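In what follows, a structure is listed as structure tokens, so that the remarks can point back to it.
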Protein chains: 2
Amino acid sequence: MGIQDDAAEIRASGWRTLAALHGLIDSALEKALQAEYRLSVVEYTVLEALSRQDGWHMRMQQLARAAALSSSATTRLVSRLEERGLLGRYLCADDRRGIYTELTPQGRELLRVARPLHDATLEATLTGAADVPELAPLVRALHDLEPAPASPAGA
Amino acid sequence: MGIQDDAAEIRASGWRTLAALHGLIDSALEKALQAEYRLSVVEYTVLEALSRQDGWHMRMQQLARAAALSSSATTRLVSRLEERGLLGRYLCADDRRGIYTELTPQGRELLRVARPLHDATLEATLTGAADVPELAPLVRALHDLEPAPASPAGA
DNA sequence: CAGAACTATTTGCACAAGCAGATATGCCGC
DNA sequence: GCGGCATATCTGCTTGTGCAAATAGTTCTG
């Protein structure tokens, strides 16, 4: 049984490291984007996901998966961004249950100006994490990953 | 400028992968622990962090760092667990601002029975993620990490 | 020792998230 | 075309979170 325990402890330890690094990056991005552009990380993620779509539009549920949110949370998130004029909703003709969201010019513009801060914060946080002994190996591993396709979670 | 953009896109892509895997594991653990033991992932994390401490006690702020929570969230989390009899609060003699929390026997018992489900869920989720092309490399990288010391975030 | 500056914890408040249920639409067999 | 079932989105409600301010205790300075 010792062998099983060891394997479980290795996984648990890896999970703790993953969670720690995730939390570090997430809160750094959250603070930076919130302070400068009044955007949460999920909101940025949604804008960014939309910008990577051909035609810049997506259905609510695709969005929910891309942002790892429930559909109710997605509804409200889209409503918030819509009220700020960053994206628009419109019915889709072929399936009238579905609703497409589309980036407005203002949404694209906000993303354009926010992206440098996002990227710089990400870089700075990763650099900082590389100096923390417990996180460094994971940071290196991340760096060595092959660039993943557009939507890791959207499959 | 193309080179910088590439580097930024590699980091962004790694971050998306990290977030996706984190979300996957987190929600799987959340559902499993919540359904069986009425414990959230953070609550489990706190119990587990306490169990790894010599003497099973920690100050609120250590706990806050270990769980990556604000101090107010920590206060309420500890209150919830205290009401369920899983841990106790007591003043610490040398610094009377500080409050120690300590696992009760019931807390240790709950952790003992919950840990197998936690570990099994973690294993199952990682195994599942290894079949998702975008996540597989990160899963492998995690597995190859050297076992990190007790508290990756607590430093 | 008095007062200022700092640290630890708790409370008031506002907000975003999930679940369950409601509503509308699509699809299938008959 | 009609009931029955699945899918997409939205709404009501509860809960957990962070920020800012309040409170209590420590430490440093003169």
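Chain identifiers are assigned alphabetically (A, B, ...) following the order of the sequence lines, protein sequences preceding nucleic acid strands; residue numbering begins at 1 within each chain. Any value given below was found using the heavy atoms of this structure, including those in side chains, with hydrogens, waters and symmetry copies removed. Note that the structure is a prediction, hence the values are computed from the model and not measured.
Atom-to-atom, CD of Glu82(A) to P of dT9(D) comes out at 14 Å; the value is rounded to the nearest Å. What separates NZ of Lys31(B) from P of dG18(C) is a distance of 9 Å, to the nearest Å. Across the protein-nucleic acid pair, Arg96(A) atom CZ and dT23(C) atom P stand 19 Å apart, rounded to whole Å. Following rounding to the nearest Å, Asp94(A) (CG) and dT7(D) (P) show an atom-to-atom distance of 17 Å. If you measure from atom CD of Gln62(B) to atom P of dA8(C), you get 10 Å, rounded to the nearest angstrom. Between the C1' atom of dC10(D) and the CD1 atom of Ile99(A) lies a distance of 9 Å, rounded to the nearest Å. Rounded to whole angstrom, the span from the CG atom of Asp95(B) across to the P atom of dT9(C) amounts to 8 Å. Look at CZ on Arg59(A): it is 13 Å from C1' on dA24(C), rounded to the nearest Å.
Taking a cutoff of 4.0 Å between a charged side-chain nitrogen and a carboxylate oxygen, Arg80(A) and Glu83(A) do not qualify as a salt bridge. Salt-bridge formation is detected for the pair Arg16(B)/Glu9(B): a Lys NZ or Arg NE/NH1/NH2 atom is positioned less than 4.0 Å from an Asp or Glu carboxylate oxygen.
Applying the side chain to side chain donor-acceptor pair (under 3.5 Å) test to Gln106(B) and every residue at least two apart in sequence or in another chain returns nothing.
Side-chain N or O atoms of Thr17(B) include none that pairs as donor or acceptor with a backbone N or O of Leu135(B) at under 3.5 Å. For the pair Arg89(B) (side chain) and Ile99(B) (backbone), a donor-acceptor distance under 3.5 Å is absent. Using a distance-only test at 3.5 Å, with no hydrogens or angles considered, a donor-acceptor pair links the side chain of Thr104(A) to the main chain of Gly85(A). In this structure, the side chain of Tyr90(A) does not engage the main chain of Glu102(A) through any donor-acceptor pair within 3.5 Å.
Within the 4.0 Å cut-off from OP1 or OP2 of dC10(D), at least one side-chain nitrogen or oxygen of Arg89(A) is found.
With DNA chain C read from its 5' end, the first of the two nearest nucleotides for Ser79(B) and Ala93(A) is the one closest to Ser79(B). Heavy-atom distances to DNA chain D give each of Gln61(A) and Ser71(B) a nearest nucleotide, and the one nearer the 5′ end belongs to Gln61(A).
Candidate nucleotides dG25(D), dT10(C), dC10(D) were compared by shortest atom distance to the side chain of Met60(A), and dC10(D) ranks first.
In Asp54(A), the CG atom is not crowded: 12 or fewer heavy atoms of neighbouring residues, nucleotides or ligands sit closer than 6.0 Å.
Between His118(B) and Tyr44(B), the two ring planes are parallel [angle under 30°; tilted spans 30° to 60°].
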All N/O pairs under 3.5 Å across the protein-nucleotides 2-6 of chain D interface:
none

Heteroatom pairs (N/O) under 3.5 angstrom, protein to nucleotides 14-17 of chain C:
{"from": "dA17(C)", "atom 1": "OP2", "to": "Arg80(A)", "atom 2": "NH2", "distance (Å)": "3.4"}

